[in-house]
Protein chains: 2
Amino acid sequence: MSDSMEPAEVKRTEALSAEIFTNIANKWALLIINTLGEGTMRFTELCAAVEGVSHKMLAQTLRILERDGVVNRLVHPTVPPRVDYSLTDAGLMLRTTVNAMCVWTRQHVHHIDQARQRFDERQV
Amino acid sequence: MSDSMEPAEVKRTEALSAEIFTNIANKWALLIINTLGEGTMRFTELCAAVEGVSHKMLAQTLRILERDGVVNRLVHPTVPPRVDYSLTDAGLMLRTTVNAMCVWTRQHVHHIDQARQRFDERQV
DNA sequence: CTGAATCCGAGCGGATACTG
DNA sequence: CAGTATCCGCTCGGATTCAG
């Protein structure tokens with residue numbers, strides 16, 4: 001695959017990869033992706049479903065995810081406006097790995113809690 | 001499982017989950033975990049292997065991951081000092097999901113690149 | 001309801017210098 | 001080599017306000 005790419009092309013691809021990873025490797029993006037995995041949701045529903053996210057960060061992060069083709073944005077031309085958010089096919093694939101992260105977290109809460117106590121004791 | 005927990009206990013667990021997720025759901029933590037998945041590394045090796053990470057953020061993030069029982073820190077009492085970092089068992093499990101994220105990114109670079117161009121055109 | 005815009009504080013993150 | 005500490009710009013992120 002990389003055989004058929006010019007050096008400059010390879011470099012741009014790497015830069016893009018880093019940029020994309022930065023976009024999705026943050027708290028809000030991951031939580032939003034994971035939540036949207038449960039199905040289509042409206043803006044307000046998402047705001048309530050994603051624990052702790054603010055109005056602003058939700059809008060901002062959704063814009064990034066939409067641009068990167070992870071999230072679909074469907075606007076209903078009604079009054080008041082209704083906008084449905086859902087995962088694209090690419091987003092759905094990503095979601096399975098994100099969900100695995102969430103599951104891992106839940107499964108290791110207790111284990112980590114103990115690790116922390118041991119660590120904190122050691123540091124006096 | 002949650003049947004056997006007091007309400008206060010449940011609440012603390014949820015708070016811990018959120019905190020843990022915040023710790024690992026960020027660029028540097030994920031990149032470090034993924035890199036350490038390839039094997040034990042010294043501080044300087046990691047600093048070179050994790051693209052773009054600074055001395056400071058590496059040390060800071062490693063401390064957090066060590067405290068959360070994701071990363072092992074083995075100090076050799078030699079001069080000059082030698083410190084080996086590796087993933088714990090929990091860290092290894094987490095790594096498989098993190099790696100899946102990295103793979104997803106690489107596989108979708110081109111697709112995302114096109115999605116962005118379409119998005120940017122639409123916004124004029 | 002969906003969103004963009006603004007203000008503003010807190011924390012990220014780089015550069016640098018300093019210890020053991 | 002590994003790590004901490006300091007300085008400092010800049011972005012993150014919350015609260016609020018305004019528009020469609």
Side-chain angles (χ1 to χ4, degrees), chain A residues 15 18-33 35-36 39-68 71-86 119-120 122-124, chain B residues 15 18-33 35-36 39-68 71-86 119-120 122-124:
Chain A
E19 201 181 317
I20 294 166
F21 191 81
T22 304
N23 281 350
I24 56 176
N26 79 71
K27 187 180 175 179
W28 298 132
L30 293 178
L31 285 178
I32 289 171
I33 290 169
T35 303
L36 272 183
T40 299
M41 286 178 124
R42 303 179 56 171
F43 186 85
T44 312
E45 289 178 304
L46 258 179
C47 215
V50 177
E51 184 66 25
V53 77
S54 71
H55 196 79
K56 176 187 173 181
M57 290 315 295
L58 181 59
Q60 198 172 107
T61 308
L62 279 173
R63 220 48 69 231
I64 292 173
L65 294 179
E66 184 197 355
R67 185 170 113 99
D68 281 1
V71 161
N72 276 135
R73 180 167 175 268
L74 182 60
V75 182
H76 296 86
T78 58
V79 178
R82 176 197 177 92
V83 182
D84 285 332
Y85 288 98
S86 59
F119 181 91
D120 293 344
R122 234 177 298 143
Q123 311 296 314
V124 184
Chain B
E19 200 182 318
I20 293 167
F21 191 82
T22 304
N23 280 351
I24 58 176
N26 78 70
K27 187 179 174 182
W28 298 133
L30 293 179
L31 285 179
I32 289 170
I33 290 168
T35 303
L36 272 183
T40 299
M41 285 178 125
R42 304 179 56 172
F43 186 85
T44 311
E45 288 178 306
L46 257 180
C47 212
V50 178
E51 185 65 27
V53 77
S54 71
H55 195 79
K56 176 185 171 180
M57 291 314 296
L58 180 59
Q60 197 172 112
T61 308
L62 279 174
R63 222 47 70 230
I64 292 173
L65 294 179
E66 185 196 354
R67 185 170 112 100
D68 281 1
V71 161
N72 276 135
R73 180 167 174 270
L74 181 59
V75 182
H76 296 86
T78 58
V79 179
R82 176 196 178 94
V83 181
D84 285 331
Y85 286 98
S86 59
F119 182 92
D120 293 342
R122 236 178 296 146
Q123 312 296 315
V124 184

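Worth knowing before you read on, the calculation uses all heavy atoms, side chains too, and leaves out hydrogens, waters and symmetry mates. None of the values given here were measured: they were computed from a predicted structure. Letters A, B, ... mirror the listed sequences (proteins, then strands); counts begin at 1.
If you measure from atom CE of A:M41 to atom C1' of C:dC1, you get 16 Å, rounded to the nearest angstrom. Going from atom CG of A:L58 over to atom P of C:dA5 covers 17 Å, rounded to whole Å. Between the CH2 atom of A:W28 and the P atom of C:dC12 there is a distance of 14 Å, given to the nearest Å.
Between A:I24 atom CD1 and A:I32 atom CD1 the span is 13.0 Å, to the nearest 0.5 Å.
Taking 4.5 Å as the limit, every side-chain heavy atom of A:T61 sits out of range of all side-chain heavy atoms of A:L31.
Read 5' to 3', the first and last nucleotides of DNA chain D with an atom closer than 4.0 Å to a heavy atom of chain A are D:dG13 to D:dG20.
Of the candidates C:dA4, C:dG13, C:dC1, the closest approach to any side-chain atom of A:R63 belongs to C:dA4.
The salt bridge (charged side-chain N to carboxylate O under 4.0 Å, His left out) search around B:R82 returns B:D84, not counting sequence neighbours. With sequence neighbours excluded, no residue forms a salt bridge (charged side-chain N to carboxylate O under 4.0 Å, His left out) with A:E45. For A:R73, the salt bridge (charged side-chain N to carboxylate O under 4.0 Å, His left out) test picks out no residue, with sequence neighbours left out.
Taken residue by residue, residues 46-55 of chain B places heavy atoms nearer than 4.0 Å to DNA chain C at B:G52, B:S54.
Among residues at least two apart or in separate chains, side chain to side chain donor-acceptor pair (under 3.5 Å) pairs with a member in residues 19-31 of chain B are A:T22-B:K27, A:K27-B:T22, A:R116-B:E19, B:N23-B:D68.
Each of B:P81 and A:K56 was matched to the nucleotide of DNA chain D holding its nearest heavy atom; the match closer to the 5' end belongs to B:P81.
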